[in-house]
Amino acid sequence: MRLTRYFLPVLKETPAEAQIVSHRLMLRAGMIKQAAAGIYSWLPLGFRVLKKIERIVHQEQQRAGHIPMLMPTLQPADLWRESGRYDAYGPEMLRIKDRHGREMLYGPTNEELITDIFRAHVNSYKDLPLTLYHIQWKFRDEIRPRFGVMRGREFYMKDGYNFDIDRDAAIHAYNRHMVSYLRTYERMGLQAIPMRADSGPIGGDDTHEFLVLAETGESEVFYDTAVTDLKLGDRHIDYDDAEECAAIAKEWTTPYARTDETHDEALFAQIPEERRRRSRGIEVGQIFYFGTKYSEPMGAMVVNDNGERVPVHMGSHGIGVSRLVGAIIEASHDENGIIWPEGVTPFHVGLVNLRQGDAQTDNACEDIYKALAARGLETLYDDREERAGAKFATMDLIGLPWRITVGPRGLKNGVVELTCRRTGESEELSPEAAVERVAEIYTPHHAHHLGLPAGA
RNA sequence: CGGGGCGUGGCGCAGUCUGGUAGCGCACCUGUUUUGGGAACAGGGGGUCGUGAGUUCGAAUCUCGCCGCCCCGACCA
């Protein structure tokens, strides 16, 4: 993408309303524009990141065997009366009437809809296990939206629902989700720690929240540093293997890690002091096992192998996709701007032409731009008539992890500069070698896409 | 919902107390000179001062109502 043909309204000054760093940087980098309290337009750069995150979530869900679909944002009130949540949900649910006076609501979550779909079409234990999910906009009329996309009223969320014949099978689904979530966050360059949590209004026996450590997090968290040393890396995982999933879940949930809701000071005190940490975290996901809480009242039953009608065991699982954009920035920035992890960066590499209009540098940039595209890399080419300082400042602000700088001085010696946004380190390379290096850097990220279903 | 604050060109602000015909910086447009970390100079365009009513010869400024937004708290992906 050529910057002169793009839409990137960066701001030099910080809008007054933004308090936390991710909100400030998202506004300054031209990623979002507020439409109303807690409601945002996603401008092109922000939209790109949102879609990158969404894609990773889709890929990892499907890798775990979960099935994508899409449910509407508007739902009929009657379904919620059936589950008993129409009144229970309170003013946080946005209620609307259509032209015929029928009561509708803008979905804050989808348990009712998915259960309705399930009971209409699934009748036998032979159709289980089944896990369906979608990524859709939600609306919760928060008392006080704040922190930009981190606590919006309208937000983009992956929510999934598993249906299993009994408790054991549902627990496997729970563990499988934990593993696939760990992998999802790792690909985004995040460490999200599963922490035992309260089930809250959704209810259930078992639940973990995934917390990203950050100063500005809304939750107080307590953990053993043993948990932050864990990494999935590129280990192969068989998601159908209940024991393997359980083992990995156990590995991550054995070290102490809890939010203030479930914190136990006595247990915490047993951890060696040098490993004890008290910090803050941003919740970026949660998984639940809730047994037959919805299936019973709503009649989501199947016939088991004895010919008996039994309620299915369910769980639900969420990832805050739009919130993750903010959470990643909270976890990865410096005084000059955002630092995107390679997995979610809006563009893989920035190309800076230091002497726009000079035939030699223009040509060198065009060649590099084409060579990067040929390698399947997304480049933001700053071809504006701006001075070097302005171009560097823009690149630093929007946080592309790698930058290729092309100027007459380097070209005289046949080199360009490849700079790492995170470390600030640069190396001088021939244009061909620079392209090659960037391609190498992104090879593992592109490898994730292999072996997945079309559309993933 | 309780408490606090703010609405003035796209952004950041001054002007409001003490009413007198709207200003600064950034951004934008034109030109010249610049060009490896947010350039300089010259010229230029853009604002019913959130909104409605009232007071007044005269309202961004005073009074009352309404709307919107932000911050702190209790709640949530």
Side-chain angles (χ1 to χ4, degrees), chain A residues 9-20 23-24 27-28 30 33-39 53 57 89-93 107-110 135-160 181 192 197-202 207-212 217-219 259 261 281-288 316-327 336-337 352-358 361 382 384-397 403 405-412 416-417 419 424 426 428:
Chain A
V10 299
L11 303 173
K12 253 189 189 173
E13 283 164 302
T14 305
E17 75 265 17
Q19 295 299 310
I20 65 166
H23 190 194
R24 283 202 297 266
L27 290 167
R28 287 197 51 212
K33 163 118 175 51
Q34 180 169 326
I39 302 178
I53 292 172
V57 172
Y89 222 95
E92 214 169 275
M93 184 153 72
T109 175
N110 287 69
I135 300 178
Q136 178 62 292
W137 292 96
K138 307 285 188 287
F139 194 92
R140 294 185 193 170
D141 203 354
E142 295 277 345
I143 297 168
R144 183 152 93 88
R146 64 188 122 167
F147 304 149
V149 300
M150 301 262 284
R151 175 160 303 288
R153 290 194 292 172
E154 189 184 47
F155 59 97
Y156 202 42
M157 176 177 160
K158 172 261 167 180
D159 50 317
Y181 274 29
D198 251 0
S199 56
I202 294 181
T207 177
H208 280 86
E209 290 178 348
F210 292 77
L211 279 291
V212 172
E218 292 187 87
S219 319
T259 66
E261 293 171 342
I282 301 164
E283 189 190 337
V284 293
Q286 188 161 11
I287 55 178
F288 298 90
S316 76
H317 336 87
I319 293 180
V321 175
S322 49
R323 170 180 285 186
L324 271 166
V325 180
N336 295 321
V352 170
N353 185 342
L354 291 179
R355 190 70 64 87
Q356 201 71 44
D358 174 87
T361 51
D382 191 343
R384 294 173 302 167
E385 303 278 350
E386 284 287 347
R387 296 162 65 94
K391 293 193 177 191
F392 291 149
T394 299
M395 283 295 175
D396 288 349
L397 174 62
R403 185 183 85 205
T405 308
V406 181
R409 209 164 71 190
L411 288 178
K412 216 174 286 174
V416 297
E417 202 172 78
T419 307
S426 294
E428 296 200 328

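Throughout, a chain's letter reflects where its sequence line sits, starting with A, and its residues are numbered from 1.
The partner of B:C26 is B:G10, judged by Watson-Crick or G-U wobble contacts that both fall below 3.5 Å. In this structure, B:U63 and B:A53 make a Watson-Crick or G-U wobble pair, each of the two defining distances being under 3.5 angstrom. In this structure, B:G46 forms no base pair with any nucleotide, since neither Watson-Crick nor G-U wobble geometry is met with both distances under 3.5 Å. The pairing partner recorded for B:U34 is none, the criterion being a Watson-Crick or G-U wobble arrangement whose two distances lie under 3.5 angstrom. Using Watson-Crick or G-U wobble geometry with both donor-acceptor distances under 3.5 Å, B:A77 finds no partner in any strand shown. As the counterpart of B:C69, B:G5 is assigned, both hydrogen-bonding distances of the Watson-Crick or G-U wobble pattern falling under 3.5 Å. Both distances falling under 3.5 Å, in either a Watson-Crick or a G-U wobble arrangement, occur for no nucleotide opposite B:U16.
Rounded to whole Å, the C1' atom of B:A53 lies 14 Å from the corresponding atom of B:C67. Comparing the C1' positions of B:C11 and B:G46 gives a spacing of 14 Å, expressed to the nearest Å. Taking atom P in both B:A40 and B:A27, the straight-line distance is 8 Å, to the nearest Å. Comparing the P positions of B:C71 and B:C26 gives an interatomic distance of 29 Å, to the nearest angstrom. On the C1' atoms, B:A22 is 23 Å away from B:U63, given to the nearest whole Å. Comparing the C1' positions of B:A60 and B:C49 gives a spacing of 5 Å, expressed to the nearest Å. Comparing the C1' positions of B:C1 and B:G20 gives a spacing of 44 Å, expressed to the nearest Å. When the C1' atom is used for both B:G47 and B:G23, the distance is 11 Å, rounded to whole Å.
The two residues A:Leu11 and A:Leu27 have their closest heavy-atom pair at CD1-O, 3.7 Å. The shortest non-hydrogen separation linking A:Arg28 to A:Pro15 is CG-CD, 4.4 Å. Taking each heavy atom of A:Ser426 and A:Glu417 in turn, the nearest pair found is CB-CG, 3.8 Å. Taking all atoms of both residues into account, the shortest heavy-atom contact from A:His23 to A:Gln19 is ND1-N, 4.3 Å. The two residues A:Glu142 and A:Glu92 have their closest heavy-atom pair at N-CG, 4.3 Å. A:Val284 approaches A:Ala327 most closely through the heavy-atom pair CG1-CB, 3.8 Å.
For A:Lys12 and B:A27, the shortest distance from a side-chain N or O to OP1 or OP2 is below 4.0 Å. OP1 and OP2 of B:C71 both lie 4.0 Å or more from every side-chain N or O belonging to A:Gln19. An OP1 or OP2 oxygen of B:G38 is reached within less than 4.0 angstrom by no side-chain nitrogen or oxygen of A:Arg387.
Residues A:Met395 and A:Asp382 form a side-chain contact, since some pair of their non-hydrogen atoms from C-beta on lies under 4.5 Å apart.
Rounded to whole Å, the distance from CE on A:Met150 to P on B:C71 is 12 Å. One can place CD of A:Glu142 at 17 Å from C1' of B:C69, the figure rounded to the nearest angstrom. Taking atom OH of residue A:Tyr89 and atom P of nucleotide B:C75, one finds them 15 Å apart after rounding to whole Å. When the C1' atom of B:G38 is taken as reference, atom CG of A:Leu397 falls 11 Å away, rounded to whole Å. Rounded to whole Å, atom P of B:C70 lies 10 Å from atom CD1 of A:Ile39. A:Arg153 places its CZ atom 7 Å from the P atom of B:C69, with the value rounded to the nearest Å. B:U35 atom P lies 19 Å from atom CG of A:Asp382, rounded to whole Å. Here the P atom of nucleotide B:C75 and the CD atom of A:Glu261 are 9 Å apart, to the nearest Å.
Across all strands shown, A:Ala393 has heavy atoms under 4.0 Å from base atoms, whether or not it also approaches the sugar-phosphate. Counting any heavy atom pair closer than 4.0 Å across all strands shown, A:Gly318 reaches no nucleic acid atom. Within the 4.0 angstrom heavy-atom criterion, only backbone atoms of the sugar-phosphate kind lie near A:Arg355; the bases stay farther away. Among the protein residues, A:Gly152 comes within range of the nucleic acid bases, having at least one heavy atom under 4.0 Å from a base atom. Note on A:Gln34: only backbone sugar-phosphate atoms sit closer than 4.0 angstrom, heavy atoms only; bases stay farther off. Nucleic acid contact for A:Val321: none, since no nucleic acid atom lies under 4.0 Å from a heavy atom of the residue. Among the atoms of the strands shown, base atoms are found under 4.0 Å from some heavy atom of A:Asp396. Backbone-only engagement by A:Ala36 is indicated by non-hydrogen atom pairs under 4.0 Å involving sugar-phosphate atoms exclusively.
Mapped onto RNA chain B by nearest heavy atom, A:Gly148 and A:Arg403 fall at different nucleotides, with A:Arg403 at the one closer to the 5' end. For A:Glu283 and A:Gly38, each mapped to the nucleotide of RNA chain B holding its nearest heavy atom, the one lying further toward the 5' end belongs to A:Gly38.
Candidate nucleotides B:U34, B:C75, B:G36 were compared by shortest atom distance to the side chain of A:Arg146, and B:C75 ranks first.
Side-chain N/O atoms of A:Arg28 and base N/O atoms of B:G12 include no donor-acceptor pair closer than 3.5 Å. The base of B:G38 is not paired with the side chain of A:Glu386 by any donor and acceptor separated by under 3.5 Å.
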Pull out every protein N or O sitting under 3.5 Å from an N or O of nucleotides 1-11 of chain B, one pair per line with the distance.
| from | atom 1 | to | atom 2 | distance (Å) |
| --- | --- | --- | --- | --- |
| B:C11 | O2 | A:Glu13 | OE1 | 3.3 |

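Using a 5.5 Å limit on the distance between ring centres and a 30° limit on the angle between planes, the aromatic ring of A:Phe392 does not count as stacked on the six-membered base ring of B:G36.
Going from atom NE2 of A:His208 over to atom NE2 of A:His317 covers 13.0 Å, rounded to the nearest 0.5 Å.
For A:Glu218, the salt bridge (charged side-chain N to carboxylate O under 4.0 Å, His left out) partners at least two apart in sequence or on another chain are A:Arg151.
Between A:Ser219 and A:Glu283, the side chains place no donor N or O within less than 3.5 Å of an acceptor N or O (distance only, hydrogens not considered).
Classification of the A:Tyr181-A:Phe210 ring pair by plane angle, with boundaries at 30° and 60°, yields tilted.
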